[in-house]
Amino acid sequence: MADANKANRVREMFDSVREKPESFGEYLDCYADQVGDLVNSFIVRSDHPGINEYLYDPWIRYSRNGGKRHRPLIAFASCQAVGGDVDRALSAAAAIEHFHSAALVHDDIADEGELRRGEPCLHHSLGLGLAINVGDLGLSCMVEETVLEDGLLDDATKVRILKELARMTRATIEGQALDIGWARDERYDIGVEDYLTMATRKTAQYSAAVPLVVGAIAGGAGDGEVEALRSFGLAAGLAFQIQDDLLNLLGEKGAKKKDFRSDITEGKRTLVVVHALQHSSRRDRLVEILSGKEKDAAVLQEAVDIMTESGSIDFALEYAKGIVDRAKGELIASIAPSQPRDLLLSMADWSVSRLI
């Protein structure tokens with residue numbers, strides 16, 4: 001339950017740092033570990049040792065290996081940017097982070113992934129059945145142990161946040177259906193607009209738009225501010241996904257942790273791939289590679305060369321930069337100047353500057 005003690009820990013987290021971070025990257029580095037502790041404080045345990053062994057303990061271990069925690073942190077920044085009490089955003093921020101972890105468990109199963117954040121995917125370490133069950137637990141944690149029991153929120157605010165979380169869940173599932181279905185049916189007639197529809201639903205909603213929205217709702221924002229933050233988040237979240245796709249192809253540092261070039265092995269229809277399929281003179285060879293579940297490093301490099309030659313990598317990078325620049329302008333026009341707003345603007349830049 002998001003009780004006063006947990007709320008105080010949020011305030012203490014921010015108060016513990018004398019020099020406030022100026023960039024979004026510094027913001028993540030400064031608070032990620034503490035936010036992880038807050039998120040994991042919502043995980044309950046069972047009075048039965050077997051349930052803990054097969055369910056709660058694996059979930060706690062998985063959640064502790066949680067990355068940069070940018071979703072809860074942007075929920076906090078959004079709450080503060082609209083003049084709200086950051087304590088009230090805690091349960092919603094934790095809910096989205098648990099949803100994110102659950103989605104990763106299920107996504108790795110669907111994609112037959114091998115590594116997640118440098119560790120074997122949960123379906124390899126636990127087995128398929130238990131991994132599915134642990135992912136399902138994360139979806140349960142999103143509601144019951146977080147927002148629903150938050151004593152700092154009135155019932156009307158809880159309902160608004162839970163509606164956003166429910167719509168986010170459905171949108172993510174819709175996007176995942178397209179992503180998996182296109183790969184299963186070997187669809188290579190996918191256009192740029194198709195990709196944008198898929199990525200907006202699968203990633204942009206829960207990676208940026210909804211964390212910003214629920215943070216603003218918890219902070220008492222008006223409808224205009226909420227919708228401005230939603231629009232900004234959709235653009236930033238889409239740019240984040242495009243950059244993730246590019247990092248999978250081009251990244252070096254942490255490449256093993258990111259399952260380097262696994263998107264090619266899995267035949268993912270990324271923006272880079274979709275553009276290359278429409279513009280490359282070597283389209284047939286690219287289709288052959290994407291269909292072959294290739295893992296040979298030389299063949300994977302060949303696919304990247306095809307995408308580079310067709311201008312598709314440059315296209316994706318410029319597209320991401322363009323939507324972020326427009327979104328920043330809209331946010332500046334809609335949200336009053338403040339240090340939290342500056343962090344959100346920096347977040348947009350961060351989402352398109354992560355290539356090595």
Side-chain angles (χ1 to χ4, degrees), residues 9-42 62-81 86-87 89-90 92-101 103-104 116-119 203-216 218-219 229 232-233 235-248 251-255 257-258 320-321 324 327-328 331 335 338-356:
R9 287 176 63 192
V10 179
R11 291 194 293 272
E12 289 170 0
M13 179 185 74
F14 286 111
D15 290 343
S16 67
V17 177
R18 292 184 178 179
E19 294 186 13
K20 302 303 180 184
E22 296 183 0
S23 71
F24 190 71
E26 292 175 357
Y27 182 55
L28 298 182
D29 292 340
C30 190
Y31 297 118
D33 289 343
Q34 295 179 72
V35 169
D37 291 339
L38 285 173
V39 167
N40 291 331
S41 71
F42 287 86
Y62 188 83
S63 185
R64 282 176 178 163
N65 187 22
K68 294 184 178 296
R69 309 290 189 184
H70 85 266
R71 292 164 184 85
L73 279 165
I74 64 176
F76 293 148
S78 177
C79 182
Q80 292 173 309
V86 72
D87 301 347
L90 172 58
I96 289 180
E97 189 68 0
H98 283 302
F99 174 85
H100 170 57
S101 295
L104 292 182
R116 172 65 65 181
R117 297 174 181 142
E119 299 291 336
T203 305
Q205 293 276 1
Y206 89 88
S207 285
V210 175
L212 290 168
V213 165
V214 297
L229 285 160
F232 172 76
L238 184 57
F240 180 88
Q241 180 58 56
I242 293 169
Q243 282 290 88
D244 254 12
D245 296 341
L246 288 166
L247 282 166
N248 190 274
E252 295 177 2
K253 182 179 179 181
K257 290 184 179 181
K258 289 183 177 292
K321 288 180 178 178
V324 161
K328 287 171 63 179
L331 189 71
I335 304 296
S338 66
Q339 192 265 347
R341 191 195 73 169
D342 290 344
L343 280 176
L344 294 179
L345 293 171
S346 177
M347 175 198 78
D349 291 330
W350 173 81
S351 70
V352 292
S353 62
R354 294 177 298 133
L355 277 176
I356 297 165

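Counting only heavy atoms from C-beta outward, the side chains of L229 and L331 approach each other to under 4.5 Å. A 4.5 Å side-chain heavy-atom check between Q80 and L343 finds every atom pair outside the cut-off.
Remark: the backbone N or O of L212 is paired with a side-chain donor or acceptor of S78 at under 3.5 angstrom. Checked by atom type and distance alone, the side chain of R71 never pairs as donor or acceptor with a backbone atom of I96 at under 3.5 Å. For the pair S101 (side chain) and H98 (backbone), a donor-acceptor distance under 3.5 Å is absent. Under a 3.5 Å cut-off, the side chain of S41 and the backbone N or O of L38 do form a donor-acceptor pair. Distance alone, capped at 3.5 Å, places no donor-acceptor pair between the K68 side chain and the G25 backbone.
Rounded to the nearest 0.5 angstrom, R341 CZ and M347 CE are separated by 13.5 Å. Separating the CE atom in M13 from the SG atom in C30 is a distance of 8.5 Å, to the nearest 0.5 Å. Of the inter-residue distances, the one linking F76 atom CZ with Y31 atom OH reads 11.0 Å to the nearest 0.5 angstrom. Atom CG of L73 is separated from atom CG of L344 by 11.0 Å, given to the nearest 0.5 angstrom. S23 contributes atom OG, which lies 8.0 Å from atom CG of D29 (distance to the nearest 0.5 angstrom). Going from atom OG of S63 over to atom CG of D37 covers 10.0 Å, rounded to the nearest 0.5 Å.
Of all heavy-atom pairs between A32 and G67, the closest is CB-O, 4.4 Å. The two residues A77 and P340 come nearest to each other via the heavy atoms O-CB, 3.5 Å. Across every non-hydrogen atom of A89 and A75, the tightest pair is CB-O, 4.3 Å. Scanning both residues, A94 and V39, for their nearest heavy atoms gives CA-CG2, 4.1 Å. Considering all non-hydrogen atoms of both residues, R116 and N65 come closest at O-ND2, 4.0 Å. The heavy-atom pair separating C79 from A218 by the smallest distance is SG-C, 4.5 Å.
Using the six-membered ring where Trp is involved, F240 and H70 have ring planes that are tilted, between 30° and 60° apart. Ring geometry for F24 against Y27 counts as tilted: the plane angle lies between 30° and 60°, on a 0 to 90° scale.
Atom CG of D33 is surrounded by 12 or fewer heavy atoms from other residues, nucleotides or ligands within 6.0 Å. The number of heavy-atom neighbours closer than 6.0 Å to CD of Q339, taken from other residues, nucleotides and ligands shown, is above 12.
Residues forming a ring-ring contact (aromatic ring centres under 6.0 Å, His included) with F232 (at least two apart in sequence, or on another chain): none. By the side-chain hydrogen bond (donor to acceptor under 3.5 Å, both in side chains) test, Y206 pairs with H100, sequence neighbours left out. Judged as a side-chain hydrogen bond (donor to acceptor under 3.5 Å, both in side chains), and not counting sequence neighbours, Q205 has no contacts.
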